[in-house]
There are 2 protein chains.
Amino acid sequence: MFLSTSEHGVDAKNRVSVPAGYREAVRNDPCEGIYVFPHFDGPYLEGGGEHFVQQYRLDIARLPRYDQLRKDLEEAVLGGIRRLDFDSTGRVTLPREFIEHAGIDGRCAFVGCDGHFQIWNAQTQADRLGDIRARLSRRLQDPAEAARLGGGADLQTLMGNSETLSALLKGEKL
Amino acid sequence: MFLSTSEHGVDAKNRVSVPAGYREAVRNDPCEGIYVFPHFDGPYLEGGGEHFVQQYRLDIARLPRYDQLRKDLEEAVLGGIRRLDFDSTGRVTLPREFIEHAGIDGRCAFVGCDGHFQIWNAQTQADRLGDIRARLSRRLQDPAEAARLGGGADLQTLMGNSETLSALLKGEKL
DNA sequence: TTGTTTCCCATAAATACCCATGCTATCCCA
DNA sequence: TGGGATAGCATGGGTATTTATGGGAAACAA
């Protein structure tokens with residue numbers, strides 16, 4: 001999966017090398033490339049492999065057909081997604097509107113988030129990181145917030161407490 | 001499937017290039033073209049390939065024979081659909097009434113929504129996108145709304161990502 | 001005719017493809 | 001342990017191909 005952050009240059013043709021580890025993560029996908037869209041939540045792009053798109057399609061398909069949230073997601077997410085194919089050296093070309101949305105000028109940062117990744121203007125991302133760390137530090141001092149993060153139960157405990165997991169372990173289907 | 005948004009010019013003969021990726025998506029259909037109709041939900045057209053039409057036929061066929069909803073859908077959807085064939089360079093000619101319905105003047109935007117796509121007046125679509133993003137961003141800050149969209153990772157996802165968990169769920173011991 | 005549609009060709013811009021270079025971390029052997 | 005060889009990665013730039021789009025000739029309908 002997608003892990004770690006790395007910074008890359010974006011050349012005059014809007015090409016950028018996708019981190020080798022990310023390419024490795026999508027090696028078994030049917031197509032040689034990544035799916036990316038301008039995120040609605042801020043000046044950054046979100047992307048991933050086949051599985052990443054499937055997850056959005058699934059989430060959207062679960063909503064009622066004429067639900068406003070569904071229609072919005074279809075247009076903003078599915079309508080925004082573009083498949084970016086790797087060239088022979090593992091680069092992709094960013095569409096101009098993506099570059100504008102993320103305010104990328106020369107350098108960008110890939111931030112791995114397990115099942116997906118983000119692409120930021122390199123400087124913006126670097127600045128954000130400090131704020132994010134400070135916020136986390138502050139928030140997790142609140143026991144209630146800390147508890148949301150797993151509450152201290154490890155897998156063993158979960159297995160003992162969860163009927164679903166127990167069922168699974170007995171070979172039943174979800 | 002149909003993904004991504006792209007803007008194209010509509011010339012004096014009402015011709016417009018269908019995005020290459022969309023043509024690719026219907027390559028295996030029996031006919032060289034797309035099916036389009038003026039949507040009842042707003043000033044835009046909706047279209048797709050063979051599969052798109054079949055889906056509507058199925059949905060409608062499932063309704064009782066003399067149901068008003070069925071009759072309306074038959075007339076508005078099935079009656080509105082036209083097959084637009086590609087010319088040798090991948091363009092289609094939009095019927096006059098389609099152009100009027102969508103208020104297209106010079107430029108239009110194709111918005112891919114997975115199984116189908118929409119065609120908007122380019123400016124209208126650009127303006128809407130800003131609103132949609134803002135609405136989504138706002139809505140998904142509400143934990144209740146966010147939860148509708150899948151919430152935390154489900155077990156299947158976790159299983160796909162973690163060898164340890166997969167092993168666990170298959171009954172192996174830690 | 002006159003207006004409309006279909007087919008064909010021309011061109012410009014955007015995109016994909018190819019090969020070359022420099023950097024760095026790693027390995028191997030003295 | 002040091003230093004050169006090596007492999008993988010990031011990056012630069014030239015060329016070919018595809019795509020979008022404009023316009024004209026031929027076929028068709030009113």
TODO: Could you check whether B/T89 gets within reach of a base, just the sugar-phosphate, or nothing at all, counting any heavy atom under 4.0 Å?
DONE: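 Base: the residue B/T89, judged by heavy atoms under 4.0 Å, touches a nucleobase.
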
- [ ] Scan residues 121-129 of chain A against DNA chain C and write down, sorted by residue number, each residue with any heavy atom closer than 4.0 Å; if none is found, say none.
- [x]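 Those residues whose heavy atoms fall under 4.0 Å from DNA chain C, taken from residues 121-129 of chain A, amount to none.
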
TODO: Residues of residues 5-23 of chain B with any non-hydrogen atom less than 4.0 angstrom from an atom of DNA chain C: list those, numerically ordered, please.
DONE: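 The stretch gives B/K13, B/R15 as the residues lying under 4.0 Å from the strand, ordered by number.
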
- [ ] For the pair B/H116 (side chain) and B/E46 (backbone), establish whether a donor and an acceptor sit closer than 3.5 Å, ignoring hydrogens and angles.
- [x]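 Answer holds: no.
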
Task: B/N14 and B/T93: side chain donor to acceptor below 3.5 Å - done: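 On atom types as modelled, these side chains do not qualify, holding no pair under 3.5 Å.
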
Open item on the list: For the residue pair B/D127 / B/Q123, report whether a side-chain donor-acceptor contact shorter than 3.5 Å exists.
Closed with: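 Checked: B/Q123/B/D127 side chains pair up, N/O donor to acceptor below 3.5 Å.
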
If I take atom [atom1] in residue [X] and atom [atom2] in nucleotide [N], what distance separates them, rounded to the nearest angstrom?
| X | N | atom1 | atom2 | answer |
| --- | --- | --- | --- | --- |
| A/D85 | D/dT19 | CG | P | 12 Å |
| B/R107 | D/dA20 | CZ | P | 12 Å |
| A/F86 | D/dG8 | CZ | C1' | 16 Å |
| B/D87 | D/dT19 | CG | P | 14 Å |
| A/R83 | C/dA16 | CZ | C1' | 13 Å |
| A/L84 | C/dA14 | CG | C1' | 15 Å |
| A/L94 | C/dA16 | CG | P | 12 Å |
| A/F98 | C/dT15 | CZ | C1' | 15 Å |

Using a strict cut-off of less than 4.0 Å between a Lys/Arg side-chain nitrogen and an Asp/Glu carboxylate oxygen, indicate whether [X] and [Y] qualify as a salt bridge.
| X | Y | result |
| --- | --- | --- |
| A/R65 | B/D59 | yes |
| B/E145 | B/R148 | yes |
| A/E74 | A/K71 | no |

Proximity of [X] and [Y] rings by center, below 6.0 Å:
| X | Y | result |
| --- | --- | --- |
| A/F37 | A/F98 | no |
| A/F110 | A/F2 | no |
| A/F52 | A/Y35 | no |

Open item on the list: From the set C/dA16, D/dG23, C/dC19, return the single nucleotide nearest to any side-chain atom of B/R91.
Closed with: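 So the side chain of B/R91 is nearest to D/dG23.
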
